[in-house]
Amino acid sequence: MGSVVFILVCWGFTTITYRRTDLVANLNLLLVSIVIMSPLLMEITLRTGIAVGHPKFRTPGLYANALSDDDYYKLRIVWGLDNIDKETAESANLNEFQRSSSGLAYDPILGWAYTRTPQNPLGVIADTPYVLEATEGSVLFYGDSFVGAGKLMADKIPQQLQSLLPGKTVHNFGVPGYGLDQIYLRFKQSHGQFKKPVVIIGILTVDMDRCIMKNRSRPKPYFLIKENELVLSGVPVETNNDSYLKNNPIGITSYFGAALVQFAEYLETGGDLMQSQHRRGEIERVSKRLIEGIVQEANDNSLDLRFVIFVPTSGGGWRKAFLIGEIERWGIPYLDTEPILIESMAKPKLGDFASLYYDESDHHNKLANGIIAKAIAEHFFKLPRQ
């Protein structure tokens with residue numbers, strides 16, 4: 001920065017001293033032209049690269065924040081980067097029963113959900129048909145793909161928790177891609193089918209970011225805050241991405257300008273997107289109201305409510321601190337999985353924190369899921385520690 005200032009000072013001094021000469025006047029004209037034309041040339045270059053389909057230019061993260069910008073996912077749709085059916089099948093790790101009877105499908109309120117069928121009346125992640133009769137002694141585990149993740153059905157957290165809690169039935173309500181808003185809606189829709197269930201709300205820290213988005217590779221519901229109240233919007237959810245994009249086009253007017261913003265954010269965070277403050281105020285306002293909504297729904301129905309906080313490989317950061325603060329404000333029991341996993345890995349020296357995640361998906365692996373399930377059983381159900 002100092003050298004740039006020195007050059008500018010010298011150039012300014014030279015311009016003032018020799019301002020009457022044609023050479024300096026022409027050089028200044030050239031400099032101004034370059035400053036004016038460079039953004040235009042860069043814009044033309046980026047748009048040309050995008051138009052010809054070059055993958056380096058068709059990288060949504062160059063122009064939008066992947067965690068909380070709708071444009072990131074709109075670009076993925078327009079550029080054909082999403083194969084939703086394939087990604088869903090891989091992320092949810094569905095078995096044959098799940099694929100044939102309960103795959104993800106359009107839902108007018110939730111955006112997407114597992115299909116309810118006579119063999120799977122709740123639309124949960126399960127590997128065998130069941131009948132919903134005895135609803136007492138149930139544990140309802142809500143969340144996103146961190147709740148649903150596991151290469152085998154028995155690897156998933158709710159399924160491992162089931163094996164630790166004889167006499168209880170644990171239902172896996174995890175749905176890939178859900179934000180805190182959709183988790184809240186799914187909880188409100190389904191808990192009434194049970195008598196005095198234990199409700200566990202699993203929140204991945206970035207589920208907070210998702211709750212301010214209107215599209216994540218497909219349209220989704222979202223909440224606005226009006227007169228200090230949550231107002232559900234975007235429902236019924238649009239069924240078709242083409243018509244959705246026609247009514248809600250990509251908001252980027254300058255790809256060069258958008259790229260500069262993302263580059264500045266990269267420099268500010270040292271390349272760690274999780275440290276980004278992008279839209280933090282909005283994220284926290286909506287998330288605060290959603291947590292309040294979950295707690296009030298549980299209190300109004302005399303439900304036994306618990307929270308489990310999940311973190312990505314880079315840790316929880318400001319999002320986790322916010323979640324803990326809000327949950328503690330309501331006095332609701334919660335489990336922070338981050339220190340539990342770190343402690344578990346330190347004792348047997350099994351590896352570092354990143355080794356608790358699948359390399360290909362950044363979701364918890366079987367080992368991590370088992371540690372978390374055991375901690376939940378001990379923390380919420382008083383299972384003796386072993």
| said: Is there a side-chain contact between I201 and I294 in this structure, where contact means two heavy atoms from C-beta onward sitting under 4.5 Å apart? | reply: yes

| Any donor and acceptor pair, going by atom type alone, linking the side chain of K288 with main-chain N or O of I283 inside 3.5 Å? | no

| query | Is there side-chain contact between I309 and I327, with heavy atoms separated by less than 4.5 Å? | reply | yes

| Separation between NZ of K188 and OH of Y142, rounded to the nearest 0.5 Å | 12.5 Å

| note | Taken to the nearest 0.5 Å, the spacing of L104 CG from W112 CH2 works out to 9.0 Å

| request: Please answer: with hydrophobic residues joined when any side-chain heavy atoms are less than 4.5 Å apart, are I252 and I77 in the same cluster? | output: yes

| R306 to F380 six-membered ring, cation-pi geometry met (6.0 Å, 45°) | yes

| said: If we count only N and O atoms by modelled type, under 3.5 Å, do the side chains of E328 and Y334 hold a donor and an acceptor together? | reply: yes

| message | Using a 3.5 Å distance criterion without hydrogens, assess whether the side chain of N365 forms a donor-acceptor pair with backbone atoms of A368. | response | yes

| message | Give me the atom names and distance for the closest heavy-atom approach of N241 to P219. | response | OD1-CD, 3.2 Å

| task | Report the distance from atom CE of M42 to atom OG of S254, rounding to the nearest 0.5 Å. | result | 10.0 Å

| request: Check whether L273 and F263 end up in the same hydrophobic cluster, where Ile, Leu, Val, Met, Phe, Trp and Tyr are linked by side-chain heavy atoms less than 4.5 Å apart. | output: no

| Cluster overlap I342 with M274, hydrophobic side-chain contacts below 4.5 Å | yes

| message | As a quick check of understanding, evaluate ring-ring contact (aromatic ring centres under 6.0 Å, His included) for Y63 and Y255, giving each step before the final call. | response | CA-CA 6 Å; Y63 317 106; Y255 284 93; 5.1 Å; yes

| message | Testing the 3.5 Å rule here: is there a donor-acceptor pair between the side chains of R280 and Q277? | response | yes

| field | Side chain proximity check, K320 to V311, heavy atoms < 4.5 angstrom | value | yes

| message | To check you understand the geometry: which heavy-atom pair defines the closest contact between M208 and W318, and what is its length? | response | CE-CZ3, 4.3 Å

| task | Check V286 against C211 and note the closest heavy-atom contact, atom names and distance. | result | CG1-SG, 3.7 Å

| Do you see a donor-acceptor pair shorter than 3.5 Å between the side chains of S243 and E238? | yes

| said: Do F173 and L132 sit in one hydrophobic cluster, given that two such residues count as connected whenever their side-chain heavy atoms are within less than 4.5 Å of each other, even indirectly? | reply: yes

| field | Short side-chain to backbone donor-acceptor contact, D69 and D71, under 3.5 Å | value | no

| query | Stepwise, does the ring-ring contact (aromatic ring centres under 6.0 Å, His included) test hold for F194 with H171? | reply | CA-CA 11 Å; F194 300 86; H171 297 284; 5.2 Å; yes

| query | Is any side-chain heavy atom of T45 less than 4.5 Å from a side-chain heavy atom of T48? | reply | no

| Taking the inter-plane angle between the rings of F187 and H191 on a 0 to 90° scale, is it parallel (under 30°), tilted (30 to 60°) or perpendicular (over 60°)? | tilted

| query | Going through the distances and angles, do K374 and E378 end up as a salt bridge (charged side-chain N to carboxylate O under 4.0 Å, His left out)? | reply | CA-CA 6 Å; K374 185 171 179 290; E378 294 170 353; 2.5 Å; yes

| request: Test R279 against I212 for side chain to side chain contact (heavy atoms under 4.5 Å, CB included), laying out the working first. | output: CA-CA 9 Å; R279 302 180 73 181; I212 65 169; 3.4 Å; yes

| With distance as the sole test, does D155 use its side chain to make a donor-acceptor pair with the main-chain N or O of L152 at under 3.5 Å? | yes

| task | State whether the side chain of N120 and the backbone N or O of P129 hold a donor-acceptor pair below 3.5 Å, judged by distance alone. | result | no

| Passes salt bridge (charged side-chain N to carboxylate O under 4.0 Å, His left out), E282 versus R285? Steps please. | CA-CA 5 Å; E282 185 182 358; R285 282 194 298 274; 5.5 Å; no

| field | T59 (side chain) donor-acceptor with P55 (main chain) under 3.5 angstrom | value | yes

| query | Would you say the side-chain atoms of Y106 pair up with the backbone N or O of V237, donor to acceptor, closer than 3.5 Å? | reply | yes

| message | I'd like to know if the side chain of N215 and the backbone of S217 have a donor-acceptor N/O pair within less than 3.5 Å. | response | yes

| field | R289 side, atom CZ; N228 side, atom CG - distance, nearest 0.5 Å | value | 3.5 Å

| Parallel under 30°, tilted from 30 to 60°, perpendicular over 60°: which one fits the rings of F310 and F146? | tilted

| task | For the pair D304 and K196, find out whether any cationic side-chain nitrogen is under 4.0 Å from an anionic carboxylate oxygen. | result | no

| message | Does the plane of the ring in F223 sit parallel, tilted or perpendicular to the ring in Y184? Use 30° and 60° as the thresholds. | response | tilted

| query | Hey, are the side chains of L267 and Q262 touching, using non-hydrogen atoms and a 4.5 Å cut-off? | reply | no

| Can you tell me how far CG of L75 sits from CZ of R58, rounded to the nearest 0.5 angstrom? | 10.0 Å

| What do the steps show when you test F307 against V199 for side chain to side chain contact (heavy atoms under 4.5 Å, CB included), and what is the final call? | CA-CA 8 Å; F307 286 96; V199 175; over 6 Å; no

| query | Applying the side chain to side chain donor-acceptor pair (under 3.5 Å) test to D144, which of H363, Q182, R210 qualifies? | reply | R210

| query | Would a 4.5 Å heavy-atom cut-off, applied to side chains only, mark Y357 and P312 as touching? | reply | no

| Who else is in the cluster with Y222 when I, L, V, M, F, W and Y are joined by side-chain contacts under 4.5 Å? | L224

| request: Verify side chain to side chain contact (heavy atoms under 4.5 Å, CB included) between D181 and L232, making sure each step is shown before the conclusion. | output: CA-CA 9 Å; D181 48 358; L232 180 60; over 6 Å; no

| Between H278 and D209: side-chain donor-acceptor atoms closer than 3.5 Å | no

| query | Below 4.5 Å, heavy atoms only, C-beta onward: do V139 and Q162 meet side chain to side chain? | reply | no

| Is any side-chain heavy atom of Y73 closer than 4.5 Å to a side-chain heavy atom of R218? | no

| query | Please walk me through it: do R319 and D207 pass salt bridge (charged side-chain N to carboxylate O under 4.0 Å, His left out)? | reply | CA-CA 10 Å; R319 294 172 179 82; D207 290 346; over 6 Å; no

| Rounded distance [0.5 Å steps], OG in S138 versus CD in Q193 | 10.5 Å

| message | Assess the residue pair K74 and Y244 against the criterion (side chain to side chain contact (heavy atoms under 4.5 Å, CB included)); give the C-alpha distance rounded to whole Å, side-chain angles, the decisive distance to 0.1 Å, and a yes or no. | response | CA-CA 10 Å; K74 290 179 182 178; Y244 174 84; 4.0 Å; yes

| With respect to K156, which candidate in N172, V170, D127 satisfies the side chain to side chain contact (heavy atoms under 4.5 Å, CB included) definition? | N172

| remark: For G150 and N369 the tightest heavy-atom approach is CA-ND2, 4.3 Å

| field | Considering all heavy atoms, the nearest G174-I125 contact | value | O-CD1, 3.5 Å

| request: State yes or no: do V231 and L290 share one hydrophobic cluster built from I, L, V, M, F, W and Y residues joined by side-chain heavy-atom distances below 4.5 Å, directly or via other members? | output: no

| Where G143 and I183 come nearest, the two heavy atoms and their spacing | CA-CD1, 3.7 Å

